[in-house]
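Heads up: the structure comes next, in structure tokens.
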Amino acid sequence: SVQILSYLGGVVKVEETDLKPRMGFLYPILTHNISVFINATREQDSGQYMCSVNVVDDTIRLDKNIGIINLTVLVPPAAPTCQLHGSAVVGANVTLSCSSKKGKPSPMYQWQREPPTLQVFFPPAQDRARGTLKLTNLSLEMSGVYVCRAENQAGSKNCSIVLEV
């Protein structure tokens, strides 16, 4: 563990970490509320944070003077990449894939065919975790624009692919 912030003898000290310009105490220390803020959060700020309160001349009870909180910084998905695997000819099978390089937690994927022939897909044709959509026994009517949405709790992004059978 690394100390990042302290209040000792009436002096606030922010240690030399990458958090230094982005954090501090939320209220003046005299209010007895020692909440902290972190601005411009980054994925690497995720982790376990511990608050330890020690009062001079007080009996230290190790189980009572420490608070622990886990911080998880969510990251919205990056714009995904849509790809077609296979030959789009009548009677053939193809797989559409969708992949986002960033996202925390890992994005889930949802494929749909755009209007005028709106179509939503379900397993086993669609694998939401892998971002794949299997289209079998292609027909001319299956031509159209297919959109993939990569989504997690922090946001969503789309990509699309034109299927011409």
Side-chain angles (χ1 to χ4, degrees), residues 1-6 14-27 33-52 66-165:
S1 64
V2 176
Q3 184 165 317
I4 52 176
L5 185 63
S6 64
V14 185
E15 302 296 331
E16 292 293 335
T17 67
D18 68 336
L19 283 167
K20 184 173 183 171
R22 303 182 291 121
M23 80 165 316
F25 287 108
L26 198 55
Y27 304 104
N33 181 332
I34 55 171
S35 299
V36 297
F37 65 85
I38 300 175
N39 289 330
T41 54
R42 303 172 185 162
E43 185 176 3
Q44 58 266 34
D45 294 337
S46 296
Q48 190 172 74
Y49 290 79
M50 180 173 69
C51 171
S52 173
I66 292 177
I68 294 175
I69 189 166
N70 289 308
L71 173 67
T72 301
V73 178
L74 303 180
V75 179
T81 302
C82 287
Q83 291 182 306
L84 169 70
H85 307 275
S87 297
V89 295
V90 173
N93 300 336
V94 295
T95 300
L96 304 183
S97 70
C98 180
S99 176
S100 180
K101 292 196 184 312
K102 275 190 179 176
K104 188 176 178 181
S106 294
M108 295 297 280
Y109 302 94
Q110 177 69 52
W111 279 98
Q112 78 174 37
R113 184 174 169 193
E114 290 293 274
T117 315
L118 179 63
Q119 188 176 3
V120 178
F121 301 96
F122 300 95
Q126 174 175 238
D127 184 326
R128 293 205 64 211
R130 287 198 176 116
T132 57
L133 174 64
K134 291 181 179 165
L135 300 174
T136 57
N137 192 19
L138 290 179
S139 65
L140 293 174
E141 294 76 31
M142 294 168 81
S143 295
V145 178
Y146 291 76
V147 175
C148 172
R149 184 177 76 240
E151 183 174 37
N152 67 12
Q153 294 97 311
S156 68
K157 285 274 177 26
N158 296 345
C159 66
S160 64
I161 196 161
V162 177
L163 178 66
E164 290 183 33
V165 180

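- For the side-chain hydrogen bond (donor to acceptor under 3.5 Å, both in side chains) condition, no pair includes a residue of residues 152-165, sequence neighbours left out.
- Looking at residues two or more places apart in sequence or on another chain, you find a side-chain hydrogen bond (donor to acceptor under 3.5 Å, both in side chains) between S97 and H85.
- Here the straight-line distance linking atom CD of Q119 with atom CH2 of W111 works out to 13.0 Å at 0.5 Å rounding.
- Contact annotation: the side chain of T117 never approaches that of E141 to less than 4.5 Å [non-hydrogen atoms, C-beta and beyond].
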For side-chain contact (heavy atoms from CB on, under 4.5 Å), just list the numbers for V90 and L138, CA-CA rounded to whole Å, side-chain angles, deciding distance to a tenth of an Å, and then say yes or no.
CA-CA 5 Å; V90 173; L138 290 179; 5.8 Å; no
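- Summarising the geometry, atom CG belonging to N137 is positioned 7.0 Å from atom CG belonging to N93; distances are rounded to the nearest 0.5 Å.
- Looking only at side-chain heavy atoms (C-beta outward), S100 and Y109 come within less than 4.5 Å of each other.
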What verdict does the side-chain contact (heavy atoms from CB on, under 4.5 Å) test give for C51 and I34, after you've listed the backbone C-alpha separation in whole Å, the side-chain angles of each residue and the deciding distance to 0.1 Å?
CA-CA 9 Å; C51 171; I34 55 171; 3.3 Å; yes
Does the disulfide bond (SG atoms under 2.5 Å apart) test come out yes or no for C159 and C148, once each step is laid out?
CA-CA 5 Å; C159 66; C148 172; 4.9 Å; no
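- Between the side chains of E15 and T17, no donor-acceptor pair of N or O atoms lies under 3.5 Å.
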After noting the C-alpha distance and the side-chain angles of L135 and Y146, does the key distance pass the side-chain contact (heavy atoms from CB on, under 4.5 Å) rule?
CA-CA 11 Å; L135 300 174; Y146 291 76; 4.0 Å; yes
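- With contacts defined as side-chain heavy-atom distances shorter than 4.5 Å, the pair R113/L163 does not qualify.
- The structure places CG of L26 at 10.5 Å from CE of M23, a figure rounded to the nearest 0.5 Å.
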side-chain contact (heavy atoms from CB on, under 4.5 Å), that's the test. Do V120 and Q110 meet it? Break it down for me.
CA-CA 8 Å; V120 178; Q110 177 69 52; 3.7 Å; yes
